[in-house]
Amino acid sequence: MFGLQKKDTNLLLIVIALTMLAPFILNPFPTDSGLAQFNAGYPDLMQRFVIFGIFAIGFNILFGLTGYLSFGHAAFLGVGSYSAVWMFKLLSMNILPAIILSVVIAGLFSLLIGWISLRRTGIYFSILTLAFAQMSFALAYSVLTPITNGETGLQITLDDPRILGISQTADGSIPVTNLFGMEMRATTDLALGAWSFTFSMGYYVCAVLMILAFYMSIRIFRSPFGMMLRAIKSNQTRMNYTGLNPKPYTLAAFVISGMYAGLAGGLMASMDPLAGAERMQWTASGEVVLMTILGGAGTLIGPVLGAGMIKYFENIFSKINDNVLHTWFSFMPDGLENLMVGILHPFVGKGWHLTLGIIFMLVVAFLPGGLVEGGQRIGRMFGRKKPTDDTSAKTEPAE
Amino acid sequence: ASHSGFTNAPGDSTVTLGFNVPQSGPYADEGADELRAYELAVEHLNGGGDGGMMGTFSSKVLDGTGILGRKVEYVTGDTQTKSDAARASAKSMIEKDGAIMITGGSSSGVAVAVQGLCQEAGVIFMAGLTHSNDTTGKDKKANGFRHFFNGYMSAAALAPVLEGLYGNDRKAYHLTADYTWGWTQQESIAAATEALGWETVNNVLTPLAATDFSSYIAPVLDSGADVLVLNHYGGNMVNSLTNAVQFGLRNKQVNGKNFEIVVPLFSRLMARGAGENIKGIVGSTNWHWSLQDEGSKAFVKSFGTKYGFPPSQAAHTCYVQTLLYADAVTRAGSFNPCAVVEALEGFEFDGMGNGPTLYRAEDHQCFKDVLVVRGKENPTSEFDLLEVVEVTPAAQVTYSPDNPMFAGGQLGSCNPGA
Amino acid sequence: MDAILLQILNGLDKGSAYALIALGLTLIFGTLGVVNFAHGALFMIGAFCSVTLQRILNLSFETVDPTRTDFLGNPAVIKTPYVIDWFGESTGAAIIDWSVPLAILFAIPIMLVIGYVMERGLIKHFYKRPHADQILVTFGLAIVLQEIIKAFYGANPIQTPAPEALSGVVEVLPGILYPAWRVVYFCFSLVVIGAVFAFLQFTTFGMVVRAGMADRETVGLLGIDIDKRFTLMFGIAAGVAGLAGVMYGPINAPNYHMGMDFLVLSFVVVVVGGMGSLPGAVAAGFLLGILESFASMTWVIDLIPGINQIIIYLVAIIILLVRPRGLLGRKGVME
Amino acid sequence: MGILEVKDVGKRFGGLKALSDVNLSVAENTCHAIIGPNGAGKSTLLNCLVGKLIPDTGSVMFDGQSVLGRSPHEINQMGISRVFQTPEIFSDLSVMENMMIPLFARRDGAYRLHAYHSVLSEAELVTKAEQMLADVNMLDKRNMHTASMSRGDKRRLEMAMCLIQEPKLLLLDEPTAGMARADTNNTIDLLKQIKDSRNITIAIIEHDMHVVFSLADRITVLAQGTPLVEDVPEKIKGHPKVKEAYLGETAHA
Amino acid sequence: MNVRPDFSKNANHAETAPAFLSVWDMHSYYGESYIVQGISFNVHEGEILALLGRNGAGKTTTLRSIARLDDPQVNKGEIWLDHQPLHRMKSHQASVAGLGLVPEDRRIIPGLTVEENLQLAQITPPIGWSLERLYDLFPRLGERRKQEGVTLSGGEQQMLAIARALARDIKVLLLDEPYEGLAPVIVDEIEKTLRLIKEQGMTTILVEQNAVRALQLADRAVILDTGSIVFDGSAAEVLENEGLRAEYLAI
Ligand SMILES: Nc1ncnc2c1ncn2[C@@H]1O[C@H](COP(=O)(O)OP(=O)(O)OP(=O)(O)O)[C@@H](O)[C@H]1O
Ligand SMILES: Nc1ncnc2c1ncn2[C@@H]1O[C@H](COP(=O)(O)OP(=O)(O)OP(=O)(O)O)[C@@H](O)[C@H]1O
Ligand SMILES: CC(C)C[C@H](N)C(=O)O
Ligand SMILES: [Mg+2]
Ligand SMILES: [Mg+2]
């Protein structure tokens, strides 16, 4: 189906099912239970899951296949966001032109940076991309303030022209991002007994785009082009002596992944029309690297899992404060309750970084193939064939 | 619950507030203090503890039964002092936890970004620490309120003191954090000091991420300036001040005068970071625990008893914002943001620490007394780092809503959301 | 003219921090080939060795002074450091005053142990793993170390002042005053750099480790216990990072985040210097330090706005495009 | 005029003269062997032909065009394929994928963005690859990961990868080193058959005299960077200079 | 502790001379692939043993197992060298105990010159031949001593690999296809050297595809097939046994 092998079709169908049903899957706990803290099925986070999923899928096309480790991909995401917000300011609040512009501009920007950076390999390449991204960040933060609004971030205001739309709504508010009138902010709630599920327009727009992005990435992985990219990672010498010039292939991969990043950036701005410079900083580039490795570089689904995991921690774990802990353990005698809260305290809430750090270490130490390998092991434990298999390419360093 | 006409209308028993503070990153200590204050405020609102400022507050509608009879619950989030992250965190509080009011933060960039979000989402934003003119200037929003002072007010309060201490004939060199707060504060201070007759020799923007300012300090020595104004805060301030002292600026004589350093915006937590270097340096602050009015004393006692050390200005602002919100809701008799906005606009109150205070309707800026402080030469304790040189009355720092430094934005209309 | 001299000094000074950090990083990254994102954390821990020693020296017993009150109106508690009690007012105060230089002695064993534990406990298992895995695990470690320090010392910078005697300014050149501690830091970095070079130059250690990196298996076949040497190398690197941190305290008050602030920059310095080259790392450190200082001069910024914030990256790009392996890089290391 | 014409080629490494005044002409559809002591410059010469090294002096013409100044992939596209002394294969890829890449390269040229095709839809290429694998006795290993193959297998795979490109000129640097006798014999047969059936010119470097004398139509003996003699195999065998410099006493071909 | 195991169970082993190097019931794995499947054989002091077999038979794996490299893992079995239990050692300890391996892909260390490659071998005692003596044996290496090892020609690299093994004072030399890529004259040369050091008491295991050559040099031969020993006996026996040669060596 869809021009894919059976295995890949299954994977795609699973991903479609998971994303479409995400509002249910991510809200497994009844609204009133103590575990409701762990529900992640609210629009903003669901959007983040898929948007960062797109970012990581794109990054993986470059890193997972060619082994070229870019440390500056956040720059493309940022450029995408700025383009989209400018579109909202100047043109209209329809997200379609915004997203198209994001992808195009990010593509052009990555073409330029890739063309220069790909003159070098290995760590030298990584540092070149890092340097470009840090320069973009520093400039966006300071001298480019007229375009980027500096540290505060580029926002839409009541006096933007929006030549194809309206500057303000009748009641004096800023209009809302939409897709031909369907507002991204629109949500519908569904209450089923103790459970409550939220369906968000914005999420489904992102989800559909992520599925498309994922589908394209499968096609790329299974294509001759994808094979060339893996060959580049494996042995550039042999590549040359087989009559192939690695550079255009890596450049194409770089630009494709830059466009994915641009798409993610454009979507982020479409869901929440603000573009901040920090999303171009090296930490943001590092984050997508971590997502990809954590999930399993070079695997199809891994980056999405990694993105989900990191975003989950950032958004859910950071919210568990002592108060919440006390409610959980309130059934215990006071002394024990305080002890439990005391033990967990450093790891949740503002300590979420600590937990994330520990998880990074545990995952690499025990699951060298990332979360995907964890999934495979569980799959094997139940004697089934591994459900989320991927290419035969194993993760290799960015030599 | 979306049929009540506004976002996140609370149920009958509880109401959820969102405390969005920096829990990681360079302002994490301030964030922690803000959180303490919020917890204390919630305790007081729910009828626990000694009631803190509820007893001294001029409005008496709060009775310790929560807000409009609903028990106050809260969620916390981490802004990481980044606009993006702060917005994400606030979004999740609104979307996931059903927070009806967002408060907190420790940076103007964050405040502006979150305020914009709250406006769009239709909830109230009670800003925490934010000192940029823009927050209630060009970036003001109908759903947002600020109980902190701003760059203009600092300048207005500082200028007479500076004149008294350092005279009218000074050449000032500014180092400025390169973002909204730095720019507006620098603009305000420069304007106010120039009005005294000072000359602004130079203004150098420094990256927010900078840690070593030595290469920005060195040129100061050469510039002929005799005052250095550090429009820095947090880690930036600690480091730039330390560097300036290391380079011997304070012992220098220029133009026949002692070289002076001014840090227009002080906080006790930062003063602790800067250690010895802070001694004798003048700046302004929103509030200080040594104030002797009833409200301040009640708050310091309540906070100090619970946590063992006095509250910072961050804690003070956040505590007050929470009570003010609760009070406004109670007076309005509704959680509807538009009703709350109405109740807060033009609200005058007292007993919250800085004397009689006004929440101005035109821009949602509050006007109250501003403290001019100086690093204490002989601290008696680890908390006793600043001495209050002058309490500048509110009237002296009040400006008209169309002041050019605040021009540009529109308040818009209140947005109750869904 | 004075301004230029001053900026050169400044650059050398900034450069000595970069060079020291990059030197340690090169030992791990350029020589052992491990992408160590925890290197910044080692630097930070070094700085917190000073803080800790200062805290230890300031350990006090408490007496209640009924004549004074604290902020809540209760009788005030007066703290007297034990050191002062034991050694008397003046000696005790001097010891406390000199806590940063003293911390060098304190930090060396601590850093060696940390380096040892880190290598044996963690890094050892990652020599053969892809760089990507190394990034993930060391980044995780860096976060953990950083959070632990934050849990103990809070998030705000903690002052670790230089000894009174070294905290003034000195006249380095006629008419040029420069903070004494920064001069000390510069000299200190030269000594450390010299010591590391001497060790690697005058022993076969460097060659063996390089060989071990290129081909552990074969080196083992030649009877060399490479693990031991890797551990030692790691310990030295951790030590260098730590020393850089200890002495840095008086320049910028240590905070839990200082390592991350330096991390990316130090990778840039190492790579610009050229992978696997110690002299390269040191040279690049000083070069970038000086350029950064110059770029923040007023007239330069006026000429090219924003240059001060991008200069390092811009220069890095130019150098890497002109010289494929950075200043002095060796062929085949992480290419 | 041969398909490959090497004129006056010289190459130095620092102070070392690795090649000097090398002249060589390989006629189309023949097998030309290059032998000589270790370090004589054989591999260096080969490197000059494929663009890995650029000679300091002289010219290299292939099929009427100069190869000098072209990058390796361009030279390969001209029709020269090379097997390395230590196997260069794609070690993260399966045997079959290793075979597919040269096929794509041959069909599509140096660059073609087939990002949306499926590899498997290329049934025709797959058949071709399988055919070739069968020829080198490796069909049963088609899905194997090449990293875990024994070295003999790697060599055969590399050779198959080069052959499947149907080059006009095949350069072999010690193709049978480390191969078991049986496989060596198979390889000899394979190369013979290829030369006859596919119109291929072969230049081979080899220390195994059995291979050299079974395959070569002409032999050049290189010593210290210069050709010592060039002749037909029968003449070389008995050549005293060659015996002394290279074959030694016990050489049995 | 250093008690020698009882090898009398080894039926193939008729010799009476005490074994110098003994391999007993060795099983080696690469990850999950089971390669060497329980082999046992002895080598006597001062003899040359030819270890033969087809490609992939497990010869290299056997040598690497004996040299105690990390890969393959020896999951079961014992290896004794001159009363020392090699199976309890790591490769560097085995090297100190007197083992020298010339690996099949030569493994010249990149980034090091020829001389450094040799010096590296002499960092830990016991030290064997002096550099001068090695350069006498392979003058080519002497000429190239300042050149980076990996830029040597294939044959020169092979010489360097052998020289590097001899630079240590070893008791047993394990050679994995040492003639590969060498000109016939050099092969003669090396063969001479092997004879020479054998006379000086060196014990050698020789893996070689050129079986005839190897058998002419060797005293005894062991033939491996798919990880098991199919023959253990005198070299001459193999040369004479047409069937054996055809079946396992294809000659
Ligand atoms: N990059 C280089 N730098 C310096 N010398 C080199 C380099 N490459 C090769 N040489 C030297 O050039 C000479 C010729 O080497 P080449 O590899 O061509 O020999 P060869 O004839 O292929 O020998 P073999 O049969 O042993 O493979 C050798 O002495 C070698 O050491
Ligand atoms: N690293 C490895 N991982 C997995 N399997 C391996 C590995 N190396 C070798 N093998 C397998 O082990 C088997 C034995 O290999 P080995 O290299 O020992 O054979 P050999 O007898 O030395 O062959 P050759 O004559 O080709 O060198 C082969 O089937 C090979 O595929
Ligand atoms: C925390 C505040 C008082 C100052 C802060 N830097 C701001 O942006 O406003
Ligand atoms: Mg050769
Ligand atoms: Mg072998």
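Below, read A as the first sequence line, B as the second, and so on, with proteins coming before strands; counting in each chain starts at 1.
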Region of [X] that comes under 4.5 Å of a non-hydrogen atom in chain C:
X: B/Tyr173; value: side chain
X: B/Leu221; value: side chain
X: B/Asn277; value: side chain
X: B/Thr211; value: both
X: B/Asp178; value: side chain

Requested in this report: Please state whether the rings of C/Phe37 and C/Phe267 are parallel, tilted or perpendicular, taking 30° and 60° as the class boundaries.
Outcome: tilted
Report task. May I ask you to decide if the ring planes of B/Phe309 and B/Phe383 are parallel, tilted or perpendicular, using 30° and 60° as cut-offs? Result -> tilted
Query raised in the report: Non-hydrogen atoms of chain B under 4.5 Å away: do they reach the side chain of C/Phe294, the backbone, both or neither?
Result: neither
Query - Winner by heavy-atom pair count (cut-off under 4.5 Å) against chain B, out of C/Leu9, C/Ile78, C/Asp302, C/Asn308 - result: C/Asn308
Query raised in the report: Does B/Glu30 reach the side chain of B/Tyr233, with side-chain heavy atoms less than 4.5 Å apart?
Result: yes
**Report entry** Closest non-hydrogen atom pair between C/Ile21 and C/Phe262, with its separation
**Finding:** CD1-CD2, 3.5 Å
Requested in this report: Kindly determine whether B/Asp33 and B/Ser312 satisfy side-chain hydrogen bond (donor to acceptor under 3.5 Å, both in side chains), including the steps that lead there.
Outcome: CA-CA 7 Å; B/Asp33 223 35; B/Ser312 63; 2.5 Å; yes
